[in-house]
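One is the number of the first residue; the rest follow in order along the sequence.
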Amino acid sequence: LDLPRVAIMFDRLKAMGVRRLGLAGGEPMMRKDLGEIVGMAKDRGFWVSINSNLTLYDRHPERLHLADLVYTSIDGDQAAHEGARGEGSWAGVLAGIADLVRLGKPVIAICVVTEHSLDQADAILRRAEAMGFRVHFQPQCTETDIVRGRVPASVANEEFRAFWRRLLEEKRRGRPIVSSTAFLEFLAGWDDFAVSAVDAPGGRCAAGRGFFYIGPLGRAYPCAYTKG
């Protein structure tokens, strides 16, 4: 979408009563007009978060400066992070976080729990405590329209459940984990981590009501993981 169409979309979202926008990708910082997009959203009263891997932050820090919150990714130390996300994905992440924190910008790092990060939680949390950011842990989502991959057979489901039980204990100790207690408790009892979602008739889900996803071409879907 070009800026005039983004403006139309924002006006419609405001008229619908939307209050919060989360800009994600792909990589939002690839857009040269990201700062203008955030400014347009703020002018309309939206609260804006951006999800960025921060590898471009050192070249274009101004693109994030109007955001209310920045999400990024940390899956452990450099070896674990690049094992999960690819060579070069570690570059600039810590420096970007440090600068955003220095500017007073809230930062939440997302750790996707895979075979690469199972032994990394304490190191991530110690880094968060030292640098002043918070952490959300999430399970790996597999075989959806926007996420590819699978949980390796080499990791037993009980290993994952034990990981989530340990995280629950760490949250209760007051460590900087933003994942909710209910979320951690649910995952500590999840049956099969190779399955990302289940059909639960009668279950409560806010997708399409409390939130929805808009793709790059402006099409709306109830949830990013079920779009299409």
Side-chain angles (χ1 to χ4, degrees), residues 20-25 27-29 38 47-141 147 155 159-188 190 193 224:
R20 172 172 174 164
L21 294 178
L23 305 180
E27 174 49 55
M29 290 193 73
V38 179
W47 188 95
V48 181
S49 64
I50 297 177
N51 191 324
S52 170
N53 61 30
L54 296 182
T55 56
L56 297 176
Y57 181 80
D58 63 332
R59 282 176 273 178
H60 306 290
E62 73 286 350
R63 295 180 185 175
L64 298 186
H65 283 180
L66 290 178
D68 295 291
L69 170 69
V70 175
Y71 290 99
T72 191
S73 301
I74 292 184
D75 289 328
D77 57 21
Q78 181 173 354
H81 188 86
E82 292 190 340
R85 298 182 182 271
E87 185 178 354
S89 59
W90 182 252
V93 176
L94 296 183
I97 291 174
D99 191 60
L100 289 164
V101 170
R102 179 187 63 81
L103 294 170
K105 194 73 62 184
V107 176
I108 295 176
I110 299 172
C111 171
V112 177
V113 180
T114 68
E115 69 274 21
H116 303 286
S117 53
L118 279 172
D119 64 350
Q120 296 289 315
D122 185 62
I124 293 171
L125 292 170
R126 282 189 279 107
R127 193 184 296 277
E129 289 160 344
M131 295 183 65
F133 63 90
R134 297 173 293 164
V135 187
H136 170 61
F137 293 85
Q138 69 179 47
Q140 181 180 5
C141 294
V147 179
V155 183
E159 291 181 71
F160 284 116
R161 285 192 287 269
F163 175 91
W164 294 103
R165 288 195 297 268
R166 291 193 297 272
L167 273 189
L168 186 58
E169 294 173 1
E170 295 300 327
K171 183 176 178 67
R172 288 169 174 162
R173 289 177 53 201
R175 303 196 76 181
I177 299 172
V178 298
S179 316
S180 72
T181 297
F183 175 81
L184 298 175
E185 289 174 339
F186 188 79
L187 286 167
W190 188 252
F193 286 87

Just so I know, are the side chains of [X] and [Y] near enough to count as touching, which here means a heavy-atom distance under 4.5 Å?
X	Y	answer
Leu125	Pro176	yes
Tyr71	Val107	no
Leu94	Arg127	yes
Asn51	Thr72	no
Leu100	Leu54	yes
Val113	Leu118	yes

Please answer whether the main-chain N or O of [Y] pairs with a side-chain N or O of [X] as donor and acceptor at a distance below 3.5 Å.
X	Y	result
Glu82	Gly88	yes
Thr114	Ala84	no
Lys105	Val70	no
Arg63	Met29	yes
His60	Leu56	no

Pair Met131-Val101, side-chain contact (heavy atoms from CB on, under 4.5 Å): steps then yes or no: CA-CA 8 Å; Met131 295 183 65; Val101 170; 5.7 Å; no
[X] [atom1] to [Y] [atom2] distance, which is reported to the nearest 0.5 Å:
X	Y	atom1	atom2	answer
Asn53	Trp90	CG	CH2	12.5 Å
Arg161	Trp190	CZ	CH2	11.5 Å
Thr181	Lys171	OG1	NZ	5.0 Å
His81	Ile74	NE2	CD1	7.5 Å
Leu23	Leu64	CG	CG	10.0 Å
Phe137	Leu184	CZ	CG	9.0 Å

Residue Glu62 excluded, over 12 heavy atoms near CD under 6.0 Å: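 Counting other residues, nucleotides and ligands, CD of Glu62 exceeds 12 neighbours.
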Mind listing the closest non-hydrogen atom pair of [X] and [Y] along with its distance?
X	Y	result
Val112	Ser117	O-OG, 3.0 Å
Ile110	Arg85	O-NH2, 4.2 Å
Val93	Ser73	CG1-O, 3.9 Å
Tyr57	Gly96	CD2-CA, 3.6 Å
Asp99	Arg102	OD1-NH2, 2.6 Å
Ala80	His116	CB-O, 3.3 Å

Pair Phe160 and Trp164, ring centroids less than 6.0 Å apart: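 Between Phe160 and Trp164, the centre distance exceeds or equals 6.0 Å.
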Asp75 vs Gln120, side-chain contact (heavy atoms from CB on, under 4.5 Å): CA-CA, chis, key distance, verdict: CA-CA 7 Å; Asp75 289 328; Gln120 296 289 315; over 6 Å; no
Candidate pair Val135 and Ile108, rule side-chain contact (heavy atoms from CB on, under 4.5 Å), full reasoning: CA-CA 5 Å; Val135 187; Ile108 295 176; 6.0 Å; no
Under-4.0 Å salt bridge between Arg175 and Asp122: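 Salt bridge: yes.
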Short N-O contact, Arg166 and Glu169, less than 4.0 angstrom: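 Answer for the salt bridge query: no.
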Steps toward side chain to side chain donor-acceptor pair (under 3.5 Å) verdict (Ser52, Glu27): CA-CA 6 Å; Ser52 170; Glu27 174 49 55; 2.9 Å; yes
Worked verdict on Cys111 versus Gln138 for side-chain contact (heavy atoms from CB on, under 4.5 Å): CA-CA 6 Å; Cys111 171; Gln138 69 179 47; over 6 Å; no
